[in-house]
Amino acid sequence: RPHSAMAHFQLGCCLWRANDRDGAIAHLREAVRIQPGYVAAHGGLGAVYMEAGDPLAAVAHLRAAARHEPNLP
């Protein structure tokens with residue numbers, strides 16, 4: 001299952017670069033659903049939500065990333 005989480009993460013990143021925020025969010029959220037401790041997916045969601053103007057959702061995912069990886073800068 002980690003590989004499917006990684007696939008959703010990669011697709012989410014590709015969609016974000018293509019300016020498809022909704023698609024990016026859907027796939028990044030699926031990556032987190034499959035693998036709740038996926039730090040990069042939480043970080044990606046934080047970035048996409050911040051760019052989309054939803055700072056509350058952004059902070060929630062950035063905090064989740066920090067919980068799973070306390071050594072983040």
**Request:** Give the intermediate values and the outcome of side chain to side chain contact (heavy atoms under 4.5 Å, CB included) for residues Tyr38 and Met6.
**Result:** CA-CA 9 Å; Tyr38 200 160; Met6 184 182 298; 3.9 Å; yes

**Closest non-hydrogen atom pair between Ala24 and Gly12, with its separation** = CB-O, 3.3 Å

**Item:** Closest contact, heavy atoms only, Arg21 versus Ala52
**Value:** CD-CB, 3.8 Å

**Request:** Grab the two heavy atoms, one from Ala65 and one from Gly43, that are nearest each other, plus how far apart they are.
**Result:** CB-N, 4.2 Å

**Prompt:** Taking atom CD of Gln10 and atom CG of Leu28, what is their separation to the nearest 0.5 Å?
**Reply:** 10.0 Å

**Fill in**
All heavy atoms of Ala31 vs all of Phe9, minimum pair found to be CB-N, 3.9 Å

**Message:** Once rounded to the nearest 0.5 Å, what's the spacing between atom NE2 of His27 and atom SG of Cys13?
**Reply:** 11.5 Å

**Request:** Mind listing the closest non-hydrogen atom pair of Ile25 and Leu45 along with its distance?
**Result:** O-CD2, 3.9 Å

**Asked** In Å and rounded to the nearest 0.5 Å, what is the CD to NE2 distance from Gln35 to His8?
**Response** 12.0 Å

**Prompt:** Does any N or O in the side chain of His42 come within less than 3.5 Å of the main-chain N or O of Pro36, such that one atom is a donor and the other an acceptor?
**Reply:** yes

**Prompt:** To the nearest 0.5 Å, how far apart are CZ in Arg29 and NE2 in His61?
**Reply:** 5.5 Å

**Asked** With the 4.5 Å side-chain cut-off for hydrophobic clustering, are Leu11 and Trp16 part of the same group?
**Response** no

**Item:** Qualifying residue, where the test is side-chain contact (heavy atoms from CB on, under 4.5 Å) with Tyr49 and the options are Asp54, Val59, Leu56, Leu62
**Value:** Asp54

